[in-house]
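Computation of the quantities below employed the complete heavy-atom set of this structure, encompassing side-chain atoms and omitting hydrogens, waters and symmetry-equivalent molecules. Counting starts at 1 for both ligands and their atoms, following the listed order.
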Amino acid sequence: MNQSDLFTHPGPETLITEDGHALVYRHWLDPKRADDSFTVLKETLAWEQSVLMMYGKRVAIPRLNAWYGDTGSRYQYSGAYFSPLPWTAELSSLRDAIQTTTGFGYNSVLANLYRNGADGVAWHSDDEPELGPEPAIASLSLGQTRRFTLRHKTNGHRVAVDLQHGDLLLMHGPLQRFWQHQIAKSKKPLGPRINLTYRWVVSSSQGV
Ligand SMILES: O=C(O)CCC(=O)C(=O)O
Ligand SMILES: [Fe+2]
């Protein structure tokens, strides 16, 4: 992918500047490019349903995921360990373009597939120690529009945004310390959505 594949846009829309930053580049990918990406990723990524231990019980998380990245970016997510698979061409070319747009570097990506409205992600912060104190996380949405909500941990402020096909969300600064986020489940019949969250994971060999 090259820069001419990207829509020129007036600049990102600011969502949060309180205790961290969240902003969204609307239609970062044009619809045709986003369609192609969705198809390739849905067909080629090694989607699996992770099972976590919660209160001593095995619970299957309500979405599929797949983890790709540089060798050595082993990553813990909600109590489970992921060893990254090597970059695919599509994930790697999207990474290059996302790095150019956002100005941050990423050595790994967690891909999520929300199969329908019954899939979601519960309130959490991306605050695992491997991400460091002020992680930059860039999140590309493809497919079904879903509502992403952020809530401040202490003052309860809420910000909601409908993430559409091709939108790129960037979170950085101390946001993960002060805010949580979720994709709520929905009773409506919804189609599939893919979300890619690009992150920088400090590798264990660097002594985290
Ligand atoms: O699907 C999304 O937009 C968010 C995913 C997310 O929060 C995560 O993977 O940590
Ligand atoms: Fe998250």
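- With Ser141 as the partner, the side-chain contact (heavy atoms from CB on, under 4.5 Å) test is satisfied by one option alone out of His165, Arg146, Arg193: Arg193.
- Distances below 4.0 Å separate heavy atoms of His181 from the following atoms of ligand 1: 7 (O).
- Under the rule for a side chain to side chain contact (heavy atoms under 4.5 Å, CB included), the partners of Ser92 that lie at least two apart in sequence or sit in another chain are Trp87.
- To the nearest 0.5 Å, atoms CD1 (Ile194) and OH (Tyr114) are separated by 11.5 Å.
- Between the CH2 atom in Trp123 and the CG atom in Leu150 there is a gap of 7.0 Å [rounded to 0.5 Å].
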Can Thr197 and Arg199 be said to form a side chain to side chain donor-acceptor pair (under 3.5 Å), step by step?
-> CA-CA 6 Å; Thr197 58; Arg199 300 139 186 262; 2.9 Å; yes
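- Set against the non-hydrogen atoms of Arg199, the atoms of ligand 1 under 4.0 Å away are 8 (C), 9 (O), 10 (O).
- Taking the Fe ion (ligand 2) as reference, the nearest N/O/S atom within His124 carries the name NE2.
- Within the structure, side chain to side chain donor-acceptor pair (under 3.5 Å) contacts touching residues 168-177 (residues at least two apart or in different chains) do not occur.
- Heavy-atom contacts of Asp126 reach the following atoms of ligand 1: 10 (O) (cutoff under 4.0 Å).
- The closest approach between a heavy atom of Arg193 and any atom of ligand 1 is below 4.0 Å.
- Val161 is listed as a side-chain neighbour of Leu163, based on a closest heavy-atom distance under 4.5 Å.
- For ligand 1, the atoms sitting less than 4.0 Å from at least one non-hydrogen atom of Phe148 are 3 (O), 4 (C), numbered in the order shown with element in parentheses.
- Short contacts between ligand 1 and Leu110, defined as distances under 4.0 Å to a heavy atom of the residue, involve ligand atoms 9 (O).
- By the 4.0 Å heavy-atom criterion, His124 is counted among the residues contacting ligand 1.
- The shortest N or O to N or O distance between Tyr114 and ligand 1 is under 3.5 Å.
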